[in-house]
2 protein chains.
Amino acid sequence: MAKEVSLFIDFLKTKGLKLTKQREYILDVFLATERHLSVEDLYNIVKKKDSSIGQATVFRTLKLLCEADIAQEVDLGDKRIRYEHKYGHGHHDHLVYIKCGKFIEVVDTGIERLQDKLCKRVGFLPKRHKMDIFGTCKQCQKKKR
Amino acid sequence: MAKEVSLFIDFLKTKGLKLTKQREYILDVFLATERHLSVEDLYNIVKKKDSSIGQATVFRTLKLLCEADIAQEVDLGDKRIRYEHKYGHGHHDHLVYIKCGKFIEVVDTGIERLQDKLCKRVGFLPKRHKMDIFGTCKQCQKKKR
DNA sequence: TTTGATATTGAAATTCAATATCATCTATTA
DNA sequence: TAATAGATGATATTGAATTTCAATATCAAA
């Protein structure tokens, strides 16, 4: 069993909530998918296997997963909330491939250090930051569009 | 007359569009406001002076200003599209003050350089990026919340 | 001027994702 | 088993973004 599942069970327990088969299944699918999913994306995958699961449940489960620090929202500027895996993924930025839709997570300690310096310089106490670089990967650079 | 106004006139001309008093007034107010405005924000300011101007016109004018490179969208993660001045403001990142809502524009050449390096390292061709740091300024750090 | 072609406007309608509501349904416990 | 609390899925609602549409304004040409 993935660490995330037992984490989720613990989280639900402390909140007085229940592990249902819907929640379990939604978490399974979420963990198995290495992409930035919107609620609708995840719902579409989930309903292929079990068409009885409703979009509302997917929505609510994702919120719970965020509360449990298993998932987190990402904003890639496409006007939809997307979710990514959080557990086991420390702070990171994104390189987002604008043509193929893939992304990679990066951390550059040099950049992080300069960000802190910059904040200190102007008397700013940083709480969180986001840095996303949008561009194309080698494969995509060959494509017309 | 602000440079932006003549820019806008030129833009409209090449597009076969007209400079109306509504557009002119909306641009005036936009330029006079040093904040990240949503359509609604700008509309609320505009209608104080001229209550006959509709929200749709503000919306459309902001889109035109973006096309003319006078304004640009900013996404500060509050789930609304905001607009900032673009003309005369080169690329920059933001330090956003999460309590008082102010922000400053920053450019750190060190960070920019490291970003480019990072991209080169993974064979990624960057097109655009955004980096926003959210935190509190000195004044706000004293406040409870 | 006047006209006619075209662009613009404001109000209202529509869209779309996010979220809330609610009448069941389901598990667990007394 | 009954009672209780939570969960579910269908559907309704919200709110910002965007489009529609009939009325109006603009401007070059007559």
Worksheet item: How close or far is atom P of D:dT11 from atom CZ of A:R60, stated in whole angstroms?
Response: 14 Å
Item to complete: Please confirm whether B:F103 and B:H36 have ring centers closer than 6.0 angstrom.
Response: yes
Worksheet entry | d(CG, B:D75; C1', D:dA16) in whole Å | 14 Å
Donor-acceptor contacts under 3.5 Å from residues 52-59 of chain A side chains, at least two apart:
{"from": "A:S52", "atom 1": "OG", "to": "A:D50", "atom 2": "OD1", "distance (Å)": "2.6"}

Fill in: Distance, rounded to the nearest Å, where B:I81 contributes CD1 and D:dT18 contributes P
5 Å
Worksheet entry | Whole-Å gap separating P (C:dT9) and OH (B:Y43) | 14 Å
Item to complete: Please list residues of residues 13-32 of chain B whose heavy atoms come under 4.0 Å from any atom in DNA chain C, ordered by number; otherwise none.
Response: B:G16, B:L17, B:K18, B:T20, B:Q22, B:R23
Practice prompt. Find the distance B:R82:CZ to D:dA16:C1' and express it as a whole number of Å.
Written response: 12 Å
Discussion item. For a quick check of understanding: with a heavy-atom distance under 4.0 Å over all strands, which category does A:S52 fall into, base, sugar-phosphate or nothing?
Written reply: sugar-phosphate
Fill in: Any donor-acceptor N/O pair, B:D41 side chain to B:S38 backbone, under 3.5 Å
yes
Discussion item. Distance check needed: C:dT8 C1' versus B:L62 CG, whole Å only.
Written reply: 16 Å
Fill in: Sugar-phosphate, base or nothing in reach of B:K63, heavy atoms under 4.0 Å
sugar-phosphate
Discussion item. For A:F134 together with A:Y97, are the ring centres under 6.0 Å from each other?
Written reply: no
Item to complete: Could you check how far CZ of A:R80 sits from C1' of D:dA16, rounded to whole Å?
Response: 15 Å
Worksheet item: Applying the side chain to side chain donor-acceptor pair (under 3.5 Å) test to A:E105, which of A:H94, A:H89, A:H91 qualifies?
Response: A:H89
Worksheet, complete the sentence: Interatomic distance, CG@A:L31 vs CG@A:L27, rounded to 0.5 Å, equals 4.5 Å
Practice prompt. To the nearest Å, give me how far apart CG (B:L64) and P (D:dT18) are.
Written response: 13 Å
Worksheet entry | Residue whose nearest DNA chain D nucleotide is more 5′ - B:Q55 or A:L12 | A:L12
Worksheet item: Less than 4.5 Å apart, any side-chain heavy atom of A:I133 and any of B:C119?
Response: yes
